[in-house]
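Single-structure report; data block below.
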Amino acid sequence: MKNTNELSAIASAMVAPGKGILAADESTGTIKKRFDTIGTESTEENRRAYRDLLFTTDGAEEFISGVIMFDESLRQSTGDGVPFAEALRSRGIIAGIKPDKGAKDLAGFPGEKITEGLDGLRERLQEYRDLGAQFAKWRAVITIGEGIPTRFCLDANAHALARYAALCQETGLVPIVEPEVLMDGGHTLEQCGEVTEAALYRLYDALHEHQVFLEGTILKPNMVIPGKECPIQANPEQIAEATIECFLRSVPAAVPGIVFLSGGQTPVQATENLNAMNALGLKLPWELSFSYGRALQEPILKAWQGKSAHVAAAQQAYLHRAKLNGAARYGTYAGEMEQGAV
Ligand code: 13P
């Protein structure tokens, strides 16, 4: 039996006003790429030290409701020996876990991906819950290109997301469902909108089929945005309008919140675009928030440079970026705030 009250209470807390989620769930391969940009070796201790600085930043709880972690981090502790999930909980931040095993080539469908990790998932989720996680995230990847995405790819990924979501709720974890339409390519804003809408229709159909309790879920989508190589780019107001139009058509009102991924947008773009949506002042059925990885962490990594002497500066950079995104939750962000003191 699902505890629906508990699930919806966690989901609502994840999208509390003025707050969003820090996606710090880079797999070992991905964090290595991030560390390469600052010339830092990706050892287990360096990964721990980096997550330690993120998870022990005083004041982050004002703007951050939850943190998504990779398996390794959920088993690690602060310098003082406090498990990360407990350190987060002590400051009122909810711990989350990425239990998927990554996007792999979808056999028979060149250029398309399917996310793996369903085998043994029930047992893994139970262990993650015992380690302190209260929510999870599963990412599906959808590519726009010549003749793709296929309907089959959308359905296969929607099915996996729904299987995962049902297992999460059985375990008492809130599932974040993430069907990411990539920004790679030359597609237009309109094409992104069409594909995103189709992906969301397939996803909510599958969630319904799997009897998932929508009030106890969170959606993590891409924004409706032109591909990086599209010659016609869009301003934040155009992105905001296209994105909200798409969701009004395809995301049920029972879903408590939508937390965007940044997906390759710069930190400033990701903040501006979220702000533009909330500044429209529309009465919407869901909270519009953030669950940024790169757009939150880029300035932190730059300030840190892998050096313990820079931890305080890196934490300042984190607080600053989190605060700006917190303002974007209310539509009160302005470019001048980029320079402001924390
Ligand atoms: P980005 O914000 O860097 O896209 O990462 C968010 C995330 O969790 C992707 O799964």
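Keep in mind that the numbers below use all heavy atoms, side chains included, and drop hydrogens, waters and symmetry copies. Just so you know, residue 1 is the first one in the sequence shown, and it goes up from there. Both ligands and their constituent atoms are indexed starting at 1 by order of listing.
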Does Arg47 have any salt bridge (charged side-chain N to carboxylate O under 4.0 Å, His left out) partners at least two apart in sequence or in another chain, and if so, which? Glu72
Give the ring-plane orientation class for Phe109 versus Phe152, where under 30° counts as parallel, over 60° as perpendicular and anything between as tilted. parallel
How would you list, by chain and number, every residue that makes a ring pair (Phe, Tyr, Trp, His ring centres under 6.0 Å) with Tyr128, sequence neighbours excluded? none
Got a sec, which residues hit ring pair (Phe, Tyr, Trp, His ring centres under 6.0 Å) with Phe84, two or more places apart in sequence or on another chain? Phe55
Determine whether Asp205 and Arg202 satisfy the following criterion, salt bridge (charged side-chain N to carboxylate O under 4.0 Å, His left out), listing intermediate values before the conclusion. CA-CA 5 Å; Asp205 185 45; Arg202 306 317 307 145; 3.7 Å; yes
Could you pull out every protein residue that has a heavy atom closer than 4.0 Å to ligand 1, ordered by chain and then number? Ala23, Asp25, Lys137, Arg139, Glu178, Lys220, Leu261, Ser262, Gly263, Ser291, Tyr292, Gly293, Arg294
Is it true that Thr40 and Arg34 share a donor-acceptor pair across their side chains at a distance under 3.5 Å? no
